[in-house]
Amino acid sequence: MAMMAMTIRNSASRRTMMSRPIFGSRSMSSWWKNVEPAPKDPILGVTEAFLADPSPDKVNVGVGAYRDDNGKPVVLDCVREAERRIAGTSFMEYLPMGGSVKMVEETLKLAYGDNSQFIKDKRIAAVQSLSGTGACRLFADFQNRFCPASQIYIPVPTWSNHHNIWRDAQVPQKTYHYYHPETKGLDFKGLMDDVKNAPEGSFFLLHACAHNPTGVDPTEEQWREISQLFKAKKHFAFFDMAYQGFASGDPARDAKSIRIFLEDGQHIGISQSYAKNMGLYGQRVGCLSVLCEDEKQAVTVKSQLQQLARPMYSNPPLHGAQIVSTILGDPELKSLWLKEVKIMADRIIGMRTTLRDSLEKLGSPLSWEHVTKQEINY
Amino acid sequence: MASSMLSLGSTSLLPREINKDKLKLGPSGSNPFLRTKSLSRVTMSVSVKPSRFEGITMAPPDPILGVSEAFKADTNELKLNLGVGAYRTEELQPYVLNVVKKAENLMLERGDNKEYLPIEGLAAFNKATAELLFGAGHPVIKEQKVATIQGLSGTGSLRLAAALIERYFPGAKVLISAPTWGNHKNIFNDAKVPWSEYRYYDPKTIGLDFEGMIEDIKEAPEGSFILLHGCAHNPTGIDPTPEQWVKIADVVQEKNHIPFFDVAYQGFASGSLDEDAASVRLFAERGMEFFVAQSYSKNLGLYAERIGAINVVCSSADAATRVKSQLKRIARPMYSNPPVHGARIVANVLGDATMFGEWKAEMEMMAGRIKTVRQRLYDSLVSKDKSGKDWSFILKQIGMFSFTGLNKAQSDNMTNKWHVYMTKDGRISLAGLSMAKCEYLADAIIDSCHNVS
């Protein structure tokens with residue numbers, strides 16, 4: 001009996017020791033022994049390697065940042081002007097947790113329409129976010145907190161960081177068909193089947209325009225069908241719109257998918273980014289919005305979004321937001337911006353044509369039709 | 001005894017608590033987003049579908065930021081905002097440092113681009129910030145033992161560290177001072193890192209409960225994280241003495257704990273950047289591995305630009321490299337890469353000898369104004385209060401904040417009767433006090449202290 005008791009005690013203490021995290025004596029060794037080097041980010045790591053390459057012929061077609069014809073980064077004229085106007089004019093007091101009210105107002109107009117009834121009725125819960133990444137992350141955290149049983153359906157393929165975001169927010173992921181490698185176009189049937197087969201009330205991530213990484217977007221007609229099916233299945237559509245204006249050169253056109261869903265009476269969520277279309281990459285300016293039933297609910301949801309932001313960064317950065325609201329709040333600057341966005345979009349469309357022509361001239365036996373059919377950056 | 005509290009974030013989100021007046025959406029405790037059939041809803045309406053967000057309740061107003069909102073709404077002439085910790089001039093205006101304006105103009109003239117920073121932030125900033133903290137020639141820097149990445153001010157840097165702790169030290173606890181900055185708890189809650197408190201503030205002396213602090217740190221399970229304020233403790237303004245810091249370092253080492261410094265006021269406490277880093281440097285001397293979160297919100301007045309850093313001092317350069325890579329992996333799905341503007345301002349100021357000197361002078365001016373205001377407040381209290389109460393704690397405290405020792409009811413009296421806005425824990429921000437208003441404030445404090453319980 002005593003022997004058995006002793007054995008039990010010993011094995012119990014061994015169990016406890018094994019389950020306790022390893023701390024032990026630290027005089028020589030590090031707390032960080034178990035920390036593996038993280039793999040390089042598949043996208044940003046490309047730029048790191050590019051920078052390290054000494055070859056004069058190197059070309060970086062890795063990260064999605066606009067370059068002029070000499071391969072140089074571009075700062076838009078409207079941005080430079082806005083910066084000049086802002087310089088030395090304001091204090092640097094904390095923004096509210098939800099960010100710059102003015103900037104958010106202007107940003108919502110871009111997505112929902114200048115005369116959107118939803119804006120007038122104050123039905124949109126919206127906060128300034130750390131560009132598109134931050135908006136997606138806030139939404140993913142919000143989804144995890146208020147819909148803990150839900151999953152997110154993500155297209156195949158998608159921007160790699162989408163997977164990281166929902167994973168770190170602890171929302172399980174599923175995928176849906178999107179890209180058709182044989183046609184190098186949209187697998188519309190596969191997409192519709194997956195949407196249909198998903199349980200009612202599922203959460204879907206959609207790229208509003210200029211799908212990253214494929215550049216393949218549904219047509220307007222296809223978007224209408226998708227929206228109808230979403231409605232029938234009562235799914236929640238979360239749009240990542242990182243390229244409004246940049247895809248076709250026309251912001252209203254690029255928001256068409258969103259407008260279709262809104263016309264169909266759906267309550268959606270949107271992540272917007274100014275990284276590309278205003279060239280504000282490093283300033284980290286964006287917006288998360290969630291369309292609610294009414295003003296009261298919008299206020300409530302906004303308060304909870306702020307509650308998620310506070311322990312992440314307290315309140316968002318000012319400078320980029322000021323640039324955006326200066327530009328969008330001034331008709332002249334806004335008009336200049338629209339022109340510049342169109343120039344950037346046109347240059348890329350032109351590049352596509354040139355690339356396709358060059359490949360065909362080189363006598364490539366493959367079909368390069370998709371290069372000009374696909375949209376924008378990728 | 002150290003109290004144990006495992007808090008799971010906002011209290012308003014449990015589905016069970018909500019919808020008391022609303023129609024049932026389905027079985028109790030079910031997910032408010034799910035569409036569930038309900039007969040009563042069908043008879044009531046034709047096409048209204050239950051919203052996914054029906055069950056979401058209003059989040060409570062932030063206790064600190066909410067004070068400013070209430071202040072704005074007050075129309076009384078005598079009102080005084082001693083809520084949030086943002087520096088004000090004697091005219092009670094916000095202050096943008098001259099050296100910051102200079103740096104911004106330089107940046108504008110140079111026409112800097114707006115490209116993405118790397119995930120870890122601006123290299124020049126990371127280098128400069130670590131050197132500011134440890135001293136440029138410090139062995140931990142020379143031997144590349146510090147993993148530094150740019151973070152979204154203090155909050156963001158703390159959050160990155162908290163996420164790292166959750167990932168690599170599952171089950172480990174963070175000990176935070178009682179009291180501490182309100183957002184510390186939110187950060188660890190959202191990062192799912194359990195925390196408990198160590199005794200810190202002694203209401204009887206309006207000073208440090210040093211014995212309680214040491215006892216609680218000793219009692220914590222070996223290998224706990226101890227959150228320490230590097231200088232100018234928020235909210236109390238009470239810092240350990242140099243001798244006490246040595247004893248704290250002793251007990252932390254003895255128990256194999258991991259120190260975790262929050263340095264939000266370097267330069268702002270004493271006016272000297274080096275003096276304010278003394279506690280951190282003491283621990284570095286001991287060869288310990290530890291965390292330090294930094295913020296430039298107050299000392300460079302860059303509040304809104306969200307610029308700070310997380311530093312992890314490791315025992316080897318190899319460990320630092322690995323740790324840095326994992327911090328990046330946490331940052332990428334949070335915001336991809338940090339904002340550039342604030343980082344450039346700091347890098348410019350720290351990187352230029354002239355501007356650095358100008359900064360130090362402005363720093364001394366700001367800290368000096370606060371010290372002067374403290375003295376004036378103390379003098380006013382002593383001359384007006386006939387009760388013989390000892391007000392010297394005001395002078396012993398340091399930094400932006402002062403714990404007045406007022407309780408909630410007394411703090412409410414400050415606001416309701418005197419239109420003095422402060423947080424309910426009795427904290428006042430001296431940065432928001434002018435010499436001109438010291439007498440008025442003294443009257444308010446004396447009244448609240450003696451006539452309200």
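All heavy atoms count here, side chains included; hydrogens, waters and symmetry mates do not. Each chain gets a letter, A, B and so on, in the order its sequence line appears, and its residues count up from 1. Small disclaimer: the values here were computed from a predicted structure and weren't measured.
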Part of [X] within contact of chain A (heavy atom distance under 4.5 Å):
X: B:Leu108; value: side chain
X: B:Asp112; value: backbone
X: B:Ile119; value: side chain
X: B:Gln93; value: side chain
X: B:Leu327; value: neither
X: B:Lys192; value: side chain
X: B:Arg344; value: neither
X: B:Pro118; value: neither
X: B:Lys324; value: neither

With a 4.5 angstrom heavy-atom cut-off, is it the side chain or the backbone of [X] that approaches chain B, or both, or neither?
X: A:Ser129; result: neither
X: A:Ser131; result: neither
X: A:Ile86; result: neither
X: A:Val290; result: side chain
X: A:Gln170; result: side chain
X: A:Pro96; result: neither

Using a cut-off of under 4.5 Å for heavy-atom pairs, which of [options] has the most such pairs with chain B?
options: A:Ala135, A:Pro73, A:Cys136, A:Ser90; answer: A:Pro73
options: A:Leu130, A:Leu95, A:Asn161; answer: A:Asn161
options: A:Arg284, A:Gln306, A:Met312; answer: A:Arg284
options: A:Arg137, A:His163, A:His319; answer: A:His319
options: A:Gly134, A:Gly279, A:Cys292, A:Pro317; answer: A:Pro317

Check the pair B:Ser297, A:Tyr94 against side chain to side chain contact (heavy atoms under 4.5 Å, CB included), reporting the backbone distance first and the verdict last. CA-CA 9 Å; B:Ser297 289; A:Tyr94 290 124; 3.6 Å; yes
Taking every non-hydrogen atom, the tightest pair across [X] and [Y]:
X: A:Leu318; Y: B:Glu305; value: N-OE1, 3.6 Å
X: A:Arg80; Y: B:Gly111; value: NH2-O, 2.7 Å
X: B:Ile56; Y: A:Phe142; value: CD1-CZ, 3.5 Å
X: A:Val75; Y: B:Asn113; value: CG2-CA, 3.7 Å
X: A:Arg167; Y: B:Pro333; value: NH2-CG, 4.3 Å
X: A:Ser303; Y: B:Ala59; value: OG-N, 2.9 Å

For the atom pair [atom1] ([X]) and [atom2] ([Y]), what is the distance rounded to the nearest 0.5 Å?
X: A:Glu93; Y: B:Tyr303; atom1: CD; atom2: OH; value: 6.5 Å
X: A:Arg310; Y: B:Arg159; atom1: CZ; atom2: CZ; value: 13.0 Å
X: A:Ser314; Y: B:Ile187; atom1: OG; atom2: CD1; value: 6.5 Å

For each of B:Glu115, B:Met107, B:Arg167, tally heavy-atom pairs with chain A at distances under 4.5 Å, and name the one with the top tally. B:Glu115
Top contributor to chain A contacts, counting heavy-atom pairs under 4.5 Å, from B:Val100, B:Asn183, B:Val340: B:Asn183
May I ask you to decide whether A:Asp168 forms a salt bridge with B:Arg329, counting only side-chain N to carboxylate O separations under 4.0 Å?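 A salt bridge is absent here (no side-chain N lies under 4.0 Å from a carboxylate O).
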One thing to verify: whether B:Glu109 and A:Arg84 come together as a salt bridge, which I'm taking to mean a side-chain N less than 4.0 angstrom from a carboxylate O.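 A salt bridge is absent here (no side-chain N lies under 4.0 Å from a carboxylate O).
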Given side chains that start at C-beta, do those of [X] and [Y] come closer than 4.5 Å, heavy atoms only?
X: B:Tyr116; Y: A:Gln283; result: no
X: B:Lys114; Y: A:Met278; result: no
X: B:Tyr335; Y: A:Leu138; result: no
X: B:Arg332; Y: A:Asp41; result: yes
X: A:Asn315; Y: B:Thr155; result: no
X: A:Gln307; Y: B:Met58; result: no
X: A:Pro311; Y: B:Lys185; result: no

